[in-house]
Undergrad: 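The structure that follows is given in the form of structure tokens.
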Number of protein chains: 2
Amino acid sequence: MPDRSGRPSAGEARGAGTVGKALAVLDQVAGYGRPVRFAEVQRDSPFPKATLYRLIQTLTSQGMLRLDPESGTYALGVRLVRLAHAAWHTTSLAPIARPHIDALSAELGETVHLAQLDHGQVLYVDKRNATVPVRMYSQAGKVGPAYCTGVGKAMMAFLPAPDLEDTIAQQSFHRFTPNTLTDRASLLRDLAAIRDRGHAFDDEEHEAGIICLAVPILTDGRQVLGAISVTATSARRSLDELGELAPALRAAARKIATEASAWRFPDRAAEPLATTG
Amino acid sequence: MPDRSGRPSAGEARGAGTVGKALAVLDQVAGYGRPVRFAEVQRDSPFPKATLYRLIQTLTSQGMLRLDPESGTYALGVRLVRLAHAAWHTTSLAPIARPHIDALSAELGETVHLAQLDHGQVLYVDKRNATVPVRMYSQAGKVGPAYCTGVGKAMMAFLPAPDLEDTIAQQSFHRFTPNTLTDRASLLRDLAAIRDRGHAFDDEEHEAGIICLAVPILTDGRQVLGAISVTATSARRSLDELGELAPALRAAARKIATEASAWRFPDRAAEPLATTG
DNA sequence: CTAGATGGTTCCATTATGTGAAACTTGGTT
DNA sequence: AACCAAGTTTCACATAATGGAACCATCTAG
């Protein structure tokens, strides 16, 4: 099984400075997805006991990790949740894109994804599911492969050459389904087609039975901000049918891009803090 | 105006080790809520230029910050979003509590908050507003004072003595309204009452016209996990009326606590990653 | 109740790392 | 050309991180 997690492995932290190591530990703890004991962390860590211990202590005292004294386990700390809020607003397209995604999802009646590119992997920052009420964070924050998803290919297709090189170099080309593009050449061919027609398809390349249509979110300067996609089951829709939704998707992407660009020089709106208790 | 931001001021980072400083910078950048230039950060930073420069470089190369080469501004990086997701799931009660909060909100038709205690301050991790569709992250992540909010007092009331000491020591006792408890003694008296009856009131102590009822979320071992509250305007409801909702709140808190406890020894559910595109 | 694990914490000489004043480059402005 | 501010690099120096080893618990087995 390939390493599908996009997070830097602990090995990459070598010689990366103290903060790099600390962050590697943080990532590692985050990776478990549950509280973990010190010993457990140590088992999977390249750092010697004492070093790891201090790193964890530092992170804990900084509020990035939290030690539950009862069970002696570490979990991610509240400071991270606070940062999460800020990250949401500052970095991601999600808050800007949200209303557009809502509208799209309502209009099309299908699942809609918003994604960004992160070190060669696709980071889903928001998701809207028309039928079921959204458990918002259930999907957002997850990462997936770029070479075999609609959003991934849509973004890659419009990357400047050097960035594209980087990104491709990071693809595992693992075959998930019979349709998965498993080599550089076929991917490049698909990317060219995507560039031509302006949207990407995922023809059950990642998961059998799941198809999707995706378009990139581009600034006027052609910078890739992210991508949005509609997903459906091949049982319910054909690729061609999905293709007909392209104009709607493209319109939404355009609006998001425009608003995102406007964000460039924001007039720091002093959103009043209201009605807490 | 008191410093209402819960984030550690840069000053606290003095002698805190390299990671502490780096995290202080991260917090600072997060605090702007928008992309910032290096010079701007430097202006508000206690660190000398070169040091700050390297710290920012480190954070950037680590993916915690992101430098937009076009505008020369720094924003929070994607790695943070990823960590945020994990933090949300691991550390906070939000994902567990969400359905219960939904139900509560629907049942009572009032605004419901879910909060946790963070270094003497209240961290709102989720919010449900019955009438308007929730813009989920708009409020979550915000921090507020503990001594004059329902959730804050509800949690403090059930803290072990030493922790309570710590927490009280961190209160500013700033008078927001005529009803604000502005000294240790009256706070302690209120906490005793809260302990007795099992729920806390906020009688316009933080914001005029806003009242609320809160109950703590406690484990069987009486550990404070968080608190939930219903908020109303004094125009629309009386404190007594709110008080009648206590059983419903308590029931929800109990359910949340039970589920949260179950999380203690999770059987690492291999949640399948579905329907992406 | 020992003997031996195993998980967690502390010491401390060594050295890698981070520090920051100052110098330098770049690009824009008068 | 002269100036100024933002951003970047340098380098002698000192702080802060390192990690091997020793040290405390608990806990388990004999």
Side-chain angles (χ1 to χ4, degrees), chain A residues 8 10-29 32 34-77 221 264-265, chain B residues 8 10-29 32 34-77 221 264-266 268:
Chain A
E12 290 180 33
R14 292 226 160 281
T18 317
V19 294
K21 291 172 203 167
L23 290 176
V25 172
L26 199 59
D27 269 339
Q28 201 194 317
V29 173
Y32 293 104
R34 66 192 159 86
V36 277
R37 304 191 152 282
F38 173 87
E40 202 164 353
V41 180
Q42 208 233 345
R43 225 183 300 290
D44 306 342
S45 174
F47 304 116
K49 213 181 184 184
T51 301
L52 180 66
Y53 182 71
R54 249 175 315 97
L55 286 174
I56 288 185
Q57 276 221 144
T58 304
L59 287 170
T60 304
S61 77
Q62 290 293 331
M64 300 295 282
L65 288 181
R66 187 182 147 69
L67 169 62
D68 179 351
E70 302 226 351
S71 59
T73 56
Y74 292 90
L76 298 183
R264 277 283 167 83
F265 299 104
Chain B
E12 291 179 33
R14 292 225 159 283
T18 316
V19 291
K21 290 171 203 168
L23 291 176
V25 172
L26 197 61
D27 268 339
Q28 201 194 317
V29 173
Y32 294 104
R34 65 193 159 82
V36 277
R37 301 191 151 282
F38 173 85
E40 201 164 356
V41 180
Q42 212 238 107
R43 226 184 298 291
D44 306 341
S45 174
F47 304 117
K49 211 187 190 182
T51 301
L52 181 65
Y53 182 72
R54 252 172 316 97
L55 285 174
I56 288 185
Q57 277 220 146
T58 303
L59 287 170
T60 304
S61 77
Q62 289 294 329
M64 300 297 282
L65 288 181
R66 189 183 147 68
L67 169 62
D68 179 353
E70 303 228 348
S71 60
T73 56
Y74 292 91
L76 298 183
R264 277 286 169 80
F265 298 105
R268 81 192 220 42

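All chains are named by letter (A, B, ...) in the order of the sequence lines, taking the proteins before the strands, and each is independently numbered beginning at 1. Source: prediction; values computed, not measured.
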Undergrad: Write down the distance between CG (A/L55) and C1' (C/dT17), rounded to a whole number of angstrom.
TA: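 For the pair A/L55 CG and C/dT17 C1', the rounded distance is 13 Å.
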Undergrad: Kindly give the heavy-atom pair with the smallest separation between A/S45 and A/Q28, and that separation in Å.
TA: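 Heavy atoms only, the tightest pair is CB-OE1, 3.7 Å.
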Undergrad: Could you check how far CD of A/Q42 sits from C1' of D/dT18, rounded to whole Å?
TA: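 So the CD-C1' distance, A/Q42 to D/dT18, works out to 15 Å.
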Undergrad: If you compare all heavy atoms of A/L55 against all heavy atoms of A/K21, which two are closest, and at what distance to 0.1 Å?
TA: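 Reported closest heavy-atom pair: CD1-CB, 4.0 Å.
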Undergrad: For nucleotides 4-9 of chain D, read 5' to 3', which letter fits each nucleotide if B means a protein heavy atom sits under 4.0 Å from the base, S means only the sugar-phosphate is that close, and - means neither?
TA: --SBBB
Undergrad: Nearest whole angstrom, please: distance from the P of C/dG8 to the CG of A/L52.
TA: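 Whole-Å distance recorded here is 11 Å.
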Undergrad: Who passes side chain to side chain donor-acceptor pair (under 3.5 Å) against B/E40, sequence neighbours left out?
TA: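 If we apply the side chain to side chain donor-acceptor pair (under 3.5 Å) test to B/E40, skipping adjacent residues, the hits are B/R34.
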Undergrad: Contact class for B/T51 (heavy atom, under 4.0 Å): base, sugar-phosphate, or nothing?
TA: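 Base: the residue B/T51, judged by heavy atoms under 4.0 Å, touches a nucleobase.
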Undergrad: In this structure, how many angstroms lie between the C1' atom of C/dG18 and the CZ atom of B/R54, rounded?
TA: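 The distance from CZ of B/R54 to C1' of C/dG18 comes to 6 Å, rounded to the nearest Å.
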Undergrad: Under the rule for side chain to side chain donor-acceptor pair (under 3.5 Å), what residues qualify as partners of B/Q42, not counting sequence neighbours?
TA: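 None.
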Undergrad: Looking at every heavy atom in both B/L65 and B/V29, which two are closest together, and how far apart are they?
TA: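 Smallest heavy-atom distance, with atoms named: CD2-CG1, 3.8 Å.
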Undergrad: Would one find a side-chain N or O of B/T18 under 4.0 angstrom from OP1 or OP2 of C/dT17?
TA: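 False: B/T18 side-chain N/O out of range (4.0 Å or more) of C/dT17 OP1/OP2.
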Undergrad: Kindly give the heavy-atom pair with the smallest separation between B/L67 and B/G72, and that separation in Å.
TA: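 Smallest heavy-atom distance, with atoms named: CD1-C, 3.8 Å.
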Undergrad: Within this structure, what is the CG-to-C1' distance between A/L65 and C/dG8, rounded to whole angstrom?
TA: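 After rounding, the gap between these two atoms is 16 Å.
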Undergrad: When the distance from CD1 of B/I56 to P of C/dG20 is rounded to whole Å, what number comes out?
TA: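 Going from CD1 in B/I56 over to P in C/dG20 covers 15 Å.
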